[in-house]
Amino acid sequence: MKKKNKQVASINCEQAIARFNDYMDNYLKGKTREELIKHIAECKDCMERFEFEQLLKSKVHQFGQMDDNAVKEKIEKLIASL
Amino acid sequence: MTERDLKKEILTQEILANISALTRFAYSLCQHREEAEELVGETVLKAFEKRHQLKDDAKIKQWLFRILNNVFISNYRKNKKQRKIDLPANIDGSFSLFEQVASSNYTDEGTPEKSFINKITKEKIHQAINELPEEFRITLVLCDVDEFSYTEIAAITQVPIGTVRSRIARARNLLQKKLWTYAEELGITASSKEKEHVCTCGEEVLKSTNILTI
């Protein structure tokens, strides 16, 4: 599936997709952020792709955690010995 | 309680509150559970030794991660077996898991792309992250798992913000490629048109590869 590169709200789809990472990571500010928000709101293709990228990021966050009880116990003992 | 005791108490609480994140980060560096635990232990010792240098209590977490990264570089990296990995010279934006799934034979009620993400297991995510080259792996973990900002990641890993952004983009791109191979293991295949596209990209990759040492 190759989506069309539509011009929506002053930026096209390629420009919007290129800003996804910065937006998801809360790095995008000001006008570039507003342009992306408007584009996503009006472009269904980009909205779906953005939601997909966000879902994948949330999976990485959720599944990236580790069990820590054993380490926590060891570190507590280590600190107590200092 | 003296000021010194108070500082020790604050540091202790902050270490224990972030032990999971520190261990995960250590594991992303060492890729070995016991070594990661040792690295966290050494980080704690170093943090207590240097606690007088800590000026801003609001940045203790970032400071701990930076210490951990420095301890790894000076005490652990030299013992790591160096391996060379072939990477495409320019892979940013060249691959989209969303487009691959959207154009594949995979169908499901609702949105197939989201349904596919929900089928990916914890083990596959771990495996895909662990197979990333070191600099991409640790940047992605700091960003997506530990939720540090680009500015904080730049301070922890001591690289410019532009490098952090580029590593995030490349890490996500590589991660999606790894996850697509798992999709293929599940019998999900690209349409014939997309297969041609993948082949073309493959040729481009072969023509322009960088050798990165990690």
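Just so it is clear, the values below take in all heavy atoms, side chains as well, and ignore hydrogens, waters and symmetry mates. In the text below, chain A, chain B and the rest are named by the order of the sequence lines, each starting its count at 1.
- Within a 6.0 Å radius of NZ in A:K38, no more than 12 heavy atoms belonging to other residues, nucleotides or ligands are found.
- Residue B:K46 qualifies as open at atom NZ: its count of foreign heavy atoms under 6.0 Å is 12 or below.
- Comparing B:I129, B:V40, B:L97 by heavy-atom pairs within less than 4.5 Å of chain A, the highest count is held by B:L97.
- Identified by a heavy-atom distance below 4.5 Å to chain A, the contributing residues of residues 141-150 of chain B are B:C143, B:D144, B:V145, B:E147, B:Y150, in residue-number order.
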Identify all side-chain donor-acceptor contacts of residues 69-82 of chain A below 3.5 Å with residues at least two apart in sequence or on another chain.
residue : atom : partner : partner atom : Å
A:K74   : NZ   : B:E37   : OE1          : 2.5
A:S81   : OG   : A:L78   : O            : 2.6

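- B:K122 is not listed as a side-chain neighbour of A:K59, based on a closest heavy-atom distance of 4.5 Å or more.
- Residue A:I17 holds its CD1 atom at 9.0 Å from CZ of B:F98, rounded to the nearest 0.5 Å.
- The contact between B:T121 and chain A is made entirely by backbone atoms, counting heavy-atom distances below 4.5 Å.
- Both the backbone and the side chain of B:I117 come within contact range of chain A, with heavy atoms under 4.5 Å apart.
- Of the inter-residue distances, the one linking A:L56 atom CG with B:L179 atom CG reads 6.0 Å to the nearest 0.5 angstrom.
- The minimum heavy-atom distance linking A:F63 with B:I120 is given by the pair CE1-O, 3.5 Å.
- In terms of heavy-atom pairs under 4.5 angstrom with chain B, the leader among A:E48, A:E51, A:H61 is A:H61.
- In this structure, no portion of A:Q62 lies under 4.5 Å from any heavy atom of chain B.
- A salt bridge links B:E99 with A:R49: the distance from a Lys NZ or Arg NE/NH1/NH2 to an Asp or Glu carboxylate oxygen falls below 4.0 Å.
- No more than 12 heavy-atom neighbours from other residues, nucleotides or ligands sit within 6.0 angstrom of CG on A:N26.
- For chain A, the nearby part of B:Q176 is the side chain; its heavy atoms alone come within less than 4.5 Å.
- No side-chain donor from either of A:N21 and B:R165 sits under 3.5 Å from a side-chain acceptor of the other.
- Note on B:K8, B:R172, B:H126: by heavy-atom pairs under 4.5 Å with chain A, the leading option is B:R172.
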